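This report concerns only the one structure given below.
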Amino acid sequence: MRRKHAAWVFPLALLLTGCSASGPSDEAIRSCILDVTDYEAVGVEKSNVVMGMGIGSSLIEAIAIHNVIKNSDGRWLVHSVLTIGARDSDSTDSDNVAVAQLLGLEIRNGFLLQDVPVDYVFAEGRHGWSCFEV
């Protein structure tokens, strides 16, 4: 009886292993999104400069990965939500609180936060994963 059981377990395991193509890891997704958006890391502030003048700063507070879908062309579609924070260099804390209340935004550490749904396409190359925003 044991041999019959073992006879079908191995082919089934081989079939499941061959059919389950692994997509980009959560770490690869977050790393590529940070690279594309030109942020150093989650939670690290970046200065916004226009014509040599600092007008404020922004950061990516969080990257939530909602779904990873394999396309028929071998690329992967990643549905994500970025929590983006921004603050103006000329605004006071009371100004930021007023804007947050007016627009229904969260304010944390002086940053106005907003969830932004974003989709990315990922492809695996010789040197790892690459991505672009859709």
Side-chain angles (χ1 to χ4, degrees):
M1 186 86 147
R2 274 207 161 324
R3 287 183 188 222
K4 288 181 184 177
H5 178 71
W8 64 268
V9 171
F10 180 71
L12 179 63
L14 192 60
L15 175 68
L16 292 176
T17 303
C19 291
S20 62
S22 62
S25 67
D26 287 1
E27 181 181 336
I29 291 171
R30 285 185 176 88
S31 176
C32 201
I33 290 173
L34 289 169
D35 190 43
V36 166
T37 56
D38 198 30
Y39 282 88
E40 186 178 324
V42 171
V44 175
E45 188 175 342
K46 174 178 132 179
S47 292
N48 298 331
V49 179
V50 175
M51 296 177 59
M53 295 173 40
I55 60 169
S57 57
S58 60
L59 58 80
I60 294 178
E61 179 74 19
I63 299 173
I65 301 164
H66 284 235
N67 207 353
V68 180
I69 303 165
K70 184 174 184 180
N71 289 335
S72 60
D73 61 0
R75 298 186 301 176
W76 296 79
L77 179 62
V78 174
H79 299 289
S80 61
V81 174
L82 306 182
T83 303
I84 306 290
R87 69 173 158 203
D88 182 36
S89 59
D90 295 330
S91 297
T92 65
D93 287 341
S94 61
D95 291 339
N96 288 336
V97 169
V99 170
Q101 289 174 346
L102 180 68
L103 300 177
L105 302 174
E106 182 182 350
I107 189 165
R108 190 177 314 138
N109 298 328
F111 285 92
L112 295 169
L113 300 177
Q114 182 177 14
D115 288 338
V116 180
V118 186
D119 295 334
Y120 291 90
V121 172
F122 280 74
E124 189 172 21
R126 285 186 283 181
H127 301 290
W129 290 96
S130 64
C131 65
F132 60 90
E133 185 179 340
V134 180

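Computed from a predicted structure; not experimentally measured.
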| Residues clustering with F111 (ILVMFWY side chains joined when closer than 4.5 Å, directly or via others) | L59, L113
| request: Write out all pairs satisfying disulfide bond (SG atoms under 2.5 Å apart) with one or both partners inside residues 80-134, taking only residues at least two apart or from two chains. | output: C32-C131
| request: Write down the atom of P24, the atom of W76, and the distance for their closest heavy-atom approach. | output: CD-CG, 3.7 Å
| query | Linking I/L/V/M/F/W/Y whenever any side-chain heavy atoms sit under 4.5 Å apart, do I33 and L77 land together? | reply | no
| For the hydrophobic clusters of this structure (ILVMFWY residues joined by side-chain heavy atoms under 4.5 Å, transitively), does one cluster hold both V78 and V81? | no
| task | Share the residues that join I55 in a hydrophobic cluster, the rule being Ile, Leu, Val, Met, Phe, Trp or Tyr side chains under 4.5 Å apart at the heavy-atom level. | result | V50, M51
| task | Decide whether F132 and I29 are clustered together by the hydrophobic rule: side chain heavy atoms of Ile, Leu, Val, Met, Phe, Trp, Tyr closer than 4.5 Å, transitively. | result | no
| Shared hydrophobic cluster, L82 / V121 (ILVMFWY, side-chain heavy atoms < 4.5 Å) | no
| request: Enter the distance from E61:CD to N109:CG here, rounded to the nearest 0.5 Å. | output: 7.5 Å
Which side-chain N or O atoms in residues 41-48 pair as donor and acceptor under 3.5 Å with protein atoms at least two apart or in another chain?
| from | atom 1 | to | atom 2 | distance (Å) |
| --- | --- | --- | --- | --- |
| E45 | OE1 | R87 | NH2 | 3.0 |
| E45 | OE2 | S57 | OG | 2.6 |
| E45 | OE2 | R87 | NH2 | 3.2 |
| N48 | OD1 | S58 | OG | 3.3 |

| Residues in salt bridge (charged side-chain N to carboxylate O under 4.0 Å, His left out) with E106, at least two apart? | R108
| query | Residues in salt bridge (charged side-chain N to carboxylate O under 4.0 Å, His left out) with D73, at least two apart? | reply | R75
| note | For residues 111-126, the salt bridge (Lys or Arg N to Asp or Glu O under 4.0 Å) pairs (sequence neighbours left out) are none
| task | Not counting sequence neighbours, which residues clear side-chain contact (heavy atoms from CB on, under 4.5 Å) with L112? List them please. | result | N96, V99, A100, L105, I107
| request: Name all pairs fulfilling the salt bridge (Lys or Arg N to Asp or Glu O under 4.0 Å) condition that reach into residues 88-103, sequence neighbours left out, sorted by first residue then second. | output: none
| said: Same cluster or not: W129 versus V134, using hydrophobic residues (I, L, V, M, F, W, Y) connected whenever any side-chain heavy atoms lie under 4.5 Å apart? | reply: no
| note | Residue pairs meeting disulfide bond (SG atoms under 2.5 Å apart), one or both in residues 35-66, sequence neighbours left out, come to none
| said: Taking side-chain contact (heavy atoms from CB on, under 4.5 Å) as the definition, give me every residue that meets it alongside E133, ordered by chain and number, with sequence neighbours left out. | reply: V118, Y120
| field | By side-chain contact (heavy atoms from CB on, under 4.5 Å) - contacts of S25 (at least two apart) | value | E27, A28
| said: How long is the straight-line distance from CD1 of I69 back to CZ of F122, given to the nearest 0.5 Å? | reply: 13.0 Å
| request: State the CD1-OG1 distance between I60 and T37, to the nearest 0.5 angstrom. | output: 3.5 Å
